[in-house]
Amino acid sequence: MLSIKQGFRNIKEDYVDGSHWILKSVAAFVLVYVLIAMVLGFYWNSEPDVLPPSNNQAVTGAATTTALLNVATTLLDKPGGYLSNDVSLPGVWMDNIPNWEYGVLIQVRDLSRALRKDFSRSQSQSTEDVDLAVAEPQFNFDSQSWMLPSSEGEYRTGINALGRYLERLSDQQQSQAQFYARADNLTRWLGDVETRLGSLSQRLSASVGQKRLNTDLAGDASATQSTTTSSELEIKTPWSQIDDVFYEARGASWALIQLLHAIEVDFSSVLEKKNALVSLRQIIRELEATQETLWSPMIMNGSGFGLMANHSLVMASYISRANAGIIDLRELLTQG
């Protein structure tokens with residue numbers, strides 16, 4: 001009888017020892033995984049450097065298309081890859097780079113639409129390019145889709161379509177692919193850039209909260225709107241979204257620097273005729289200031305004239321000056 005009890009006791013002790021060993025192994029695995037995720041997260045959280053300007057002057061439009069390809073490819077192939085749709089560590093913890101990615105993606109979408117709608121067509125009744133008709137909707141796919149299909153897969157399809165367009169554009173033996181460097185085409189795309197930067201500037205400035213008069217209908221006595229709004233509005237970006245807006249602006253500016261450098265190459269004759277090259281370069285310089293190293297470990301949100309810095313207001317200042325430059329540039333382009 002004692003031997004039976006001793007046997008059960010031994011079995012119980014062996015089971016407990018085995019359970020402890022399994023728990024210790026699982027805990028060690030989780031600890032190692034978290035440590036690796038933290039190291040990878042720190043590495044992946046670094047923003048890519050601004051790519052050198054594209055000097056592809058083989059044919060009109062090659063520089064702009066190449067720059068768009070480089071920006072879209074970097075979005076997917078930077079350290080850590082595309083993080084906006086990650087569901088595992090460390091990507092699921094991170095939000096700065098995903099917001100940076102969204103700012104880049106918006107610029108990719110806008111320019112790919114302009115390529116399809118304006119730059120590649122001689123007039124409103126002309127046929128759209130077959131590859132650009134594929135690329136533009138691919139870049140407008142859901143930015144947070146993990147699988148079936150994944151965002152990366154859809155964007156890669158758009159990149160491949162852009163690559164085919166660039167190949168046909170550079171082939172002097174065929175004339176199906178075209179890029180028309182005209183002032184009206186450029187003005188329309190700059191209009192999209194203007195609205196994007198204007199929105200970012202307002203959201204950045206609202207980090208401290210402001211009371212503003214409602215000017216939605218100003219300048220047109222006969223203008224109407226759908227519903228009545230207050231004559232005075234209080235605008236404030238929620239505290240949880242302040243760093244999101246900041247990094248979205250950083251990403252949009254990063255992409256625009258490279259796209260505008262390419263525009264300078266492809267539209268050089270148009271800009272020189274309008275004496276607007278210096279204006280474009282000043283816009284690029286303002287945007288380059290947004291890419292300065294951020295020394296603070298977090299986005300500070302001090303008051304406008306307080307003791308602490310407000311990174312959003314600094315970013316808004318650069319974005320606003322770039323936006324004002326774009327408004328002036330559009331006016332120059334529309335003048336005869």
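Legend: salt bridge (charged side-chain N to carboxylate O under 4.0 Å, His left out) pairs involving residues 138-156, not counting sequence neighbours, sorted by first then second residue: Asp77-Arg156. Listed by first and then second residue, the salt bridge (charged side-chain N to carboxylate O under 4.0 Å, His left out) pairs that reach into residues 250-263 are Glu47-Arg250, sequence neighbours excluded.
The line from CG of Leu200 to OG of Ser205 is 10.5 Å long, rounded to the nearest 0.5 Å. Here the OG-CD1 distance, from Ser279 to Ile326, works out to 11.5 Å after rounding to the nearest 0.5 Å. Rounded to the nearest 0.5 angstrom, Arg164 CZ and Leu132 CG are separated by 10.0 Å. Between atom CZ of residue Arg203 and atom OG of residue Ser312 there is a gap of 10.5 Å, rounded to the nearest 0.5 Å. The CG atom of Asn96 lies 12.5 Å from the CD atom of Glu248; values are rounded to the nearest 0.5 Å. Remark: Ile159 CD1 to Leu76 CG distance equals 4.5 Å, nearest 0.5 Å.
When every heavy atom of Ser253 is checked against every heavy atom of Gln291, the shortest pair comes out as CB-NE2, 3.6 Å. Residue Ala181 comes nearest to Val270 through the heavy atom pair O-CG2, 3.4 Å, listed as atom of the first residue, atom of the second, then distance. A pairwise comparison of heavy atoms in Leu115 and Ser120 identifies O-OG, 2.6 Å as the closest pair. Closest non-hydrogen pair, Ala114 versus Trp189, comes out as CB-CD1, 3.8 Å. Contact detail for Pro149 and Phe141: the closest heavy-atom pair is CG-CZ, 3.6 Å. Trp146 and Asn85 get closest at one heavy-atom pair: CD1-O, 3.7 Å.
For Arg330, the side chain to side chain donor-acceptor pair (under 3.5 Å) partners at least two apart in sequence or on another chain are Glu194. Every salt bridge (charged side-chain N to carboxylate O under 4.0 Å, His left out) that Asp129 has, sequence neighbours left out, goes to Arg168. The salt bridge (charged side-chain N to carboxylate O under 4.0 Å, His left out) search around Arg116 returns Glu128, Glu136, not counting sequence neighbours. Taking Gln107 as the reference, nothing meets the side chain to side chain donor-acceptor pair (under 3.5 Å) condition, with sequence neighbours excluded. The side chain to side chain contact (heavy atoms under 4.5 Å, CB included) search around Arg182 returns Tyr180, Asp184, Asn185, Arg188, not counting sequence neighbours. Contacts of Phe267 classified as ring-ring contact (aromatic ring centres under 6.0 Å, His included), with partners at least two apart in sequence or in another chain: Phe119, Phe179. Applying the side chain to side chain donor-acceptor pair (under 3.5 Å) test to Glu286 and every residue at least two apart in sequence or in another chain returns Gln282, Arg321. For Arg285, there are no salt bridge (charged side-chain N to carboxylate O under 4.0 Å, His left out) partners, not counting sequence neighbours. Remark: Asp244 pairs with no residue by the salt bridge (charged side-chain N to carboxylate O under 4.0 Å, His left out) rule, at least two apart or across chains.
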> Should Leu83 and Glu101 be marked as a side-chain contact (heavy atoms from CB on, under 4.5 Å) after you check the CA-CA gap, both sets of side-chain angles, and the distance that decides it?
Replying inline: CA-CA 8 Å; Leu83 301 178; Glu101 291 173 343; 3.8 Å; yes
>> Determine whether Val71 and Val108 satisfy the following criterion, side-chain contact (heavy atoms from CB on, under 4.5 Å), listing intermediate values before the conclusion.
In response: CA-CA 8 Å; Val71 168; Val108 170; 3.8 Å; yes
>> If you apply the rule side-chain contact (heavy atoms from CB on, under 4.5 Å), what do you find for Leu256 with Ile284, and how did you get there?
In response: CA-CA 8 Å; Leu256 277 174; Ile284 294 173; over 6 Å; no
> Hey, mind stepping through Leu111 and Thr64 against side-chain contact (heavy atoms from CB on, under 4.5 Å) and telling me if it holds?
Replying inline: CA-CA 9 Å; Leu111 184 54; Thr64 299; 4.0 Å; yes
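Counting Ile, Leu, Val, Met, Phe, Trp and Tyr side chains that sit under 4.5 Å apart, directly or through other members, Tyr318 shares a hydrophobic cluster with Val314.
Ile263 and Leu277 fall within a single hydrophobic cluster, where Ile, Leu, Val, Met, Phe, Trp and Tyr are joined by side-chain heavy atoms under 4.5 Å apart, directly or via other members. Note on Ile106 and Phe246: separate hydrophobic clusters, where clusters join Ile, Leu, Val, Met, Phe, Trp and Tyr whose side-chain heavy atoms are under 4.5 Å apart, directly or indirectly. One hydrophobic cluster, built from ILVMFWY side chains closer than 4.5 Å, holds both Trp254 and Ile299. Under a hydrophobic-cluster definition in which Ile, Leu, Val, Met, Phe, Trp and Tyr are linked whenever side-chain heavy atoms come within less than 4.5 Å, directly or via other members, Leu294 and Ile319 are assigned to the same cluster. Leu329 is connected to Leu260 through a chain of hydrophobic side-chain contacts under 4.5 Å among Ile, Leu, Val, Met, Phe, Trp and Tyr, so both are in one cluster.
With hydrogens and angles disregarded, a donor-acceptor distance shorter than 3.5 Å links the side chain of Thr73 to the backbone of Leu69. Using modelled atom types, one side-chain atom of Tyr82 and one backbone atom of Ser143 make a donor-acceptor pair closer than 3.5 Å.
Looking at Asn160 and Gln138, their side chains never come closer than 4.5 Å, going by heavy atoms from C-beta outward. Between Leu162 and Asp131, every side-chain heavy-atom pair lies at or beyond the 4.5 Å cut-off. Looking at heavy atoms from C-beta onward, Ser296 lies in side-chain contact with His311 at the 4.5 angstrom threshold. Side-chain contact between Val59 and Gln172 is present, with at least one heavy-atom pair separated by less than 4.5 Å.
Results of the side-chain contact (heavy atoms from CB on, under 4.5 Å) test with Leu197 over Ile327, Asp192, Asn323, Ile283 single out Asn323 as the only residue that passes.
In the model, Asp266 has no side-chain atom that pairs as donor or acceptor with a side-chain atom of Thr60 under 3.5 Å. No hydrogens or angles considered: nothing links the side chains of Ser145 and Ser151 as a donor-acceptor pair under 3.5 Å.
Under a cut-off of 6.0 angstrom, the local environment of OH in Tyr102 is sparse, with at most 12 non-hydrogen atoms contributed by other residues, nucleotides or ligands.
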